[in-house]
Amino acid sequence: MGSIKLDGLKKAFGSQTVIPDANLEIADGEFVVFVGPSGCGKSTLLRLIAGLEEPTDGRILIDGRDVTHAAPARRKLAMVFQSYALYPHMSVYQNIAFPLKMAGEKADVIRVRVQEVATSLDLLPYLERRPRALSGGQRQRVAIGRAIIRQPAGFLFDEPLSNLDAALRVSMRTEISELHRRLRSTMIYVTHDQVEAMTMADRIAVMNAGRIEQFDTPLELYRRPANMFVAGFIGSPKMNFIEGARAREYDARTIGIRPEAIDWSIDSGKWRGRVERVEHLGAETVVHLSLDTADILTFRTPLDERLVAGRTIHVSPREDSIYRFDGEGRAIPGPKRNP
Amino acid sequence: MRSLRPTLFKAAMTFLGWAVALLLFFPILWTVLTSFKSEVEAIAFPPAFWPSGWTLENYFEVQERSEYFGHFLNSVALSLGSTVIGMLIAIPAAWSMAFQPAASTRHVLMWMLSTKMMPAVGALVPVFLIFKSAGLLDTLPGITLIVLVGNLPIMVWMLYTYFKEIPADILEACRMDGATVWKELVHVLLPMSLPGVASTMLLNIILAWNEAFWTLSLTAVKAAPLSAFIASYSSPQGLFWAKLSAASTLAIVPILIIGWISQKQLVRGLTFGAVK
Amino acid sequence: MSGYRMKRAARLALAPSVALLIVGMIVPLATTLWLSFRYYNLMNPALGGFAGLSNYEFFLTDPAFAQAIVNTILLVGGVLAITVAGGILLGLLFDQPMWGRGMARLLVIAPFFVMPTVSALVWKNMLMHPGYGIFAWVAMKLGLSPVEWLSNHPLLSIILIVAWQWLPFATLIFLTALQSLDHEQQEAARMDGAGPLDRLVYIILPHLGRAITVVILMETIFILAIFAEIFVTTSGGPGYASTNLPYLIYVQALMQFDVGAASAGAIIAVVLANIVAIFAIRLAGRNLTA
Ligand SMILES: Nc1ncnc2c1ncn2[C@@H]1O[C@H](COP(=O)(O)OP(=O)(O)O)[C@@H](O)[C@H]1O
Ligand SMILES: [Mg+2]
C-alpha cells in the first residue's frame, strides 16, 4: 500500500519554473532516494508529493488515487523534516501522540501505540522530556516516531541527517534502513549526499535543475549513467571527462573515465602526465595528474612512494570502462572502442 | 590589588546608577508618599519627605467625592475590552499575513503601520461629529472602539513578528499530522507564541490605560477613564495634593506593575519589531 | 483544506482588521480633508458651503499657527535632544556591572508607564509649583529665588515633563541594543589595543545607529501628537506660548467650534507627520524583509 506515481508534474514559483516536468513511478515498499546538488528542486518535488505545495500542472497518484489537490493529511504520507520540526511546547509523548490525537483516536489507543513506537525507537526513558532537552539523535528518533505512529502508506524524509555529526549520521543511516526493512513501506528520501543515496536506496532519482536525469538502481547508475551529469554526480572522486582528440579517438565528443579505472606506471602507458598533487588517504592515494595538454586527470591507486608531485608518469584507462558521450552530454551506448 | 579595581568600578557604577535611578523615579515616589500625607502636610514648605501619619484617608475621600472607582472600572473596561476584542481581530489578521502571505501582504502591513503614524488629531473632527450624532460621546463602547482602532496596527504588527518566528517546518509538520487550521491555531500556534500573545496584550493594556487624547476629547462624566478623570484635578480651585496623589497612585500602580513585567517585549512592540 | 480555500480563509481572516482601520482611520481622515474645504461652524449652522482654500488661509495666517508650528518643532527637538543624549548615557551606564542593576533599571523605566495626565499634574503641582513645589524648595536651598516654571517657561516646562516620560523609552531601547552587541567583537577590539573611548566611538555608537534612528522616529511620531500634557498644565498658554499643533486644532474644533478651520489644521498636521512617517515606514519595511 503505497505506490506513488508522478505524471507530468510541474511546479513554478511565479515566473521561475523549478520542476519543469517530472514523471516517476515508485513501487509499493520501495526505498527511493532523490539526490542532486543543492537547489536542484529535490525538496520541492518531495513537498509536492507531501501536499505542502500545490503543483502548477500534472498529477500525483497514490495507490492509483489522484491526490493532486488533496490536503497533506489525506495522502497517508508522513514526513520527517531536516529540522525535525518537533513541537517545542509538547513533551516527547505528546509529540508522538499528536497525529493520532488529530485523527481523533481514543486516549487509551493512543497510549498503547505511543508505548509501542517509543519502545521500538528506544525512547521510553524520555517520554516526559521536552524536545530541547534531547540530543540531536534522540530528536531525530522522535521525529521518526511521530511519522510511524499513524502507519502511513509512505514516508518522506528531507535531508533528515544533515544536522547530525558524522558518526551519528552513519548510525542513523543504518537505523533508517533497518526501519525500512521492518516496516516495508514506501520511503522517499532526499539528500545531496551521494554516499547516503548509494548505500540506502533501492532506486535513486538523480536530479539536476528540476529534471530527473535518471531513475535506476545504484549499481545501474554507476555502471550505465544516462548522461554526463549522472556520470559525474555518482562516484567519488568524480569521473574524469576528456574532450578533443583523445575523445575523437573513441568516436565521442567527450569520454569519461572513473578514477578507479586508470592504471599507471613510471615508464609506459597510453598517456603521459605530470603529477600535480597527491592526497594520501591511508588505504588509497588520490593523484591529480596534468596531461601534456591542459586536461587534468584524477585517479586512485594503492599507496606508492614513487608518486610525488612534479614527477612525470604514464597512465592508461581501462578500455572496457570508458564512457562515451555525445555533443549533448548523452551517453552513447554500444561498443566503446573506435575500431 | 588586581581584583580591587573591578570592585571599585562596580561600586562607583552602583552609586551612580542608583543615584540616577532614584532621581528619575523621584516624582513617582513622591506621589506615592504624598498620597499618605494629610493635605496640610502635603503642601508643607519646606516639604516633609516622610508622611508622619500614614493616613489612608485620601484614598477614601477620593472615592467619596468623585466616584473614583467608577472611573477606575471604566479604565479597566476600556483597556481589557479594547485588548480582548482587539486580539480577536488581530490574531486572525496576523495569522493570515504571517502564514498565508499574498503579494499584497507587505503593502497591507506597511499601510497598517502608516495609519498608526497618522496623528489622531487628523481624525478628531469627524470622529467627534460622528460620535455626537450617533450618541457615542461619553460612552464606554464608543471610547473602547476608537482606542481599539488606534492600537490595532500595533497588535497586528507585534503578533505578526511573533508568528513569523515560528519555523515554517513546524506548521507543515502540523498539517502533515492532520491538524485543521483551527486545531493548528489552538494546539501549536498559540501555545508556541504564548509569550508573544501575552506581551502583545500587556502592551495594549498599557497603551489603552494611558490613552489620553481620545479620552479627553470624547468622554466627560460617565465614561471617563482615569486618564481623563484625573485631569479634573487640574482645576485651579484649591490645592488637594494628597488627594491628587492618592488618585494618581491608584491610576499608575497597576500599569506600572504590568509595564515592569513586560519591559523586554515592550521594546519590540514599540519599535514594531525593529529592536529586539 | 486545499490551497485555494486556505487562501480564501486567509483573506477572510484579514478582512476585519482592514475594514476596521479603513472605517476608523481612513474614512475620518478623508472626511477631515473634505471638511477642510467647507464652511462649517457648530455655533453658526447658517454658514455653510464650499470654502475653497479659505480655511487653510485662515489657519495659516492665524498668528497662533506660526507659533504652534514653532512650538511643535521646539517640543519635538528639545525632547529628542534630551532623550537621545540622555538615553545613550543611561544605556551605557546601566550596561555596566553594578549591584541591584535590575532593580535600578526598573526604577528608571517607570516614568514611561505613568499616564500623561498624571505625570503632567504631578510635575505641575508637586514639582514645579513656585510656592510649594520641590523645585522651589531646591532653589531656595541653593539660595536662588523659585522659578515660575509654568508661567514664565511654559514650553520648557512641557519639554521637561515629556522628556521625563520618554527618557526611559530611549534608555530601554539603547540598553536592549547594547546587550545585543557582540562580545567577541569587543574583545577583539581590546586585543587590538582599543581603549574604552575608542570602543565607544568605533564600535558601540555605530552599533547603536539603528536604535538611535528608531528612537528618533518613534518619539517624533508620538511627540508630534503631544496633547494631554498641555491640556492639563498650561492649556496652551500663557497666550499661545505653549500651544502646539494638535492642541491648536483641538481648541479650534472643540472650543471654538470652527470645524472647517480645525480640519484644515488637521490636514496640515497629517502632512507634517507624513514626512516623518515616510522615513519610519521605510525603516520598518527594511526590517520586514530581514
Ligand atoms: N517557496 C518558494 N518560492 C520561490 N522559490 C522557491 C521556493 N521554494 C524553493 N524555491 C526555489 O526552488 C529551487 C529548488 O529549491 P529546493 O527544492 O529547496 O532545492 P533542494 O532541496 O534541491 O536544495 C531553488 O532555486 C529555490 O530557490
Ligand atoms: Mg532541500
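Numbers restart at 1 for each chain; the letters A, B, ... are given by sequence-line order, proteins then strands.
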*By a 4.5 Å heavy-atom criterion (distance strictly below it), what part of C:A136 contacts chain B: side chain, backbone, both, or neither?*
both
*When only pairs under 4.5 Å are counted, which of B:A123, B:A12, B:A212, B:G17 shares the most heavy-atom pairs with chain C?*
B:G17
*What residue, out of B:F229, B:W111, B:F128, has the most heavy-atom pairs lying under 4.5 Å from chain C?*
B:W111
*Sort B:I255 into side chain, backbone, both or neither according to what part of it lies under 4.5 angstrom from a heavy atom of chain C.*
both
*Is chain B contacted by the side chain of C:I268, its backbone, both, or neither, given a heavy-atom distance below 4.5 Å?*
neither
_So for B:W30, is it side chain, backbone, both, or neither that comes closer than 4.5 Å to the heavy atoms of chain C?_
both
_If I measure from the heavy atoms of chain C, does B:I230 come under 4.5 Å with its side chain, its backbone, both, or neither?_
both
*What distance do B:I28 atom CD1 and B:L33 atom CG have between them, rounded to the nearest 0.5 Å?*
12.0 Å
*Interface moiety of B:V253 toward chain C, non-hydrogen atoms closer than 4.5 Å*: neither
*So what's closer than 4.5 Å to chain C heavy atoms on B:L129: side chain, backbone, both or neither?*
side chain
*Side chain, backbone, both or neither: which part of C:I267 has a heavy atom under 4.5 Å from chain B?*
neither
*Would you confirm whether C:H207, through its side chain, and C:L178, through its main-chain N or O, come within 3.5 Å as a donor-acceptor pair?*
no
*Given a strict heavy-atom distance threshold of 4.5 Å, which part of C:L89 is in contact with chain B: side chain, backbone, both, or neither?*
neither
_Partners meeting ring pair (Phe, Tyr, Trp, His ring centres under 6.0 Å) with C:F227 (sequence neighbours left out)_ = B:F213, C:F231, C:Y247, C:Y250
*Contact origin within C:W123 toward chain B - heavy atom pairs under 4.5 Å*: side chain
*Tell me, for C:L245 versus chain B, whether the close heavy atoms (under 4.5 Å) come from the side chain, the backbone, both or neither.*
neither
*Which answer fits B:A102, side chain, backbone, both or neither, if we ask what part of it has an atom under 4.5 Å from a heavy atom of chain C?*
both
*Among C:V108, C:L29, C:V122, C:L121, who wins on heavy-atom pairs under 4.5 Å with chain B?*
C:L121
*Just by modelled atom types, is the C:D95 backbone N or O under 3.5 Å from a matching donor or acceptor in the C:R101 side chain?*
yes
*Does any N or O in the side chain of C:N244 come within less than 3.5 Å of the main-chain N or O of C:I226, such that one atom is a donor and the other an acceptor?*
yes
*Under 4.5 Å heavy-atom distance to chain C, tell me which part of B:A120 shows up: side chain, backbone, both or neither.*
neither
_Is the distance between the ring centroids of B:W95 and B:F163 under 6.0 Å?_
no
*Please confirm whether the backbone N or O of B:P92 pairs with a side-chain atom of B:S96, one donor and one acceptor, at under 3.5 Å?*
no
_Contacting moiety of C:V18, where chain B heavy atoms sit under 4.5 Å_ = both
*Is it the backbone or the side chain of B:L226 that comes under 4.5 Å from a heavy atom of chain C, or both, or neither?*
both
*Region of B:S245 that comes under 4.5 Å of a non-hydrogen atom in chain C*: side chain
*ring pair (Phe, Tyr, Trp, His ring centres under 6.0 Å) partners of B:W209, counting only residues at least two apart*: B:F72
*Heavy-atom distance under 4.5 Å to chain C: side chain of B:F26, backbone, both or neither?*
side chain
*With only heavy atoms counted, which part of C:L272 is less than 4.5 Å from chain B, the side chain, the backbone, both or neither?*
neither
*Region of B:T34 that comes under 4.5 Å of a non-hydrogen atom in chain C*: side chain
*Note, B:E184 side chain near B:V181 side chain (heavy atom, < 4.5 Å)*: no
*What part of B:I89 lies closer than 4.5 angstrom to a heavy atom of chain C: side chain, backbone, both or neither?*
both
*asked:* Tell me whether B:W157 contacts the main-chain N or O of B:L109 through its side chain, where contact means a donor paired with an acceptor under 3.5 Å.
replied: yes
*Contact class of B:A11 relative to chain C, heavy atoms under 4.5 angstrom*: both
_Residue B:L16 versus chain C: region with a heavy atom under 4.5 Å_ = both
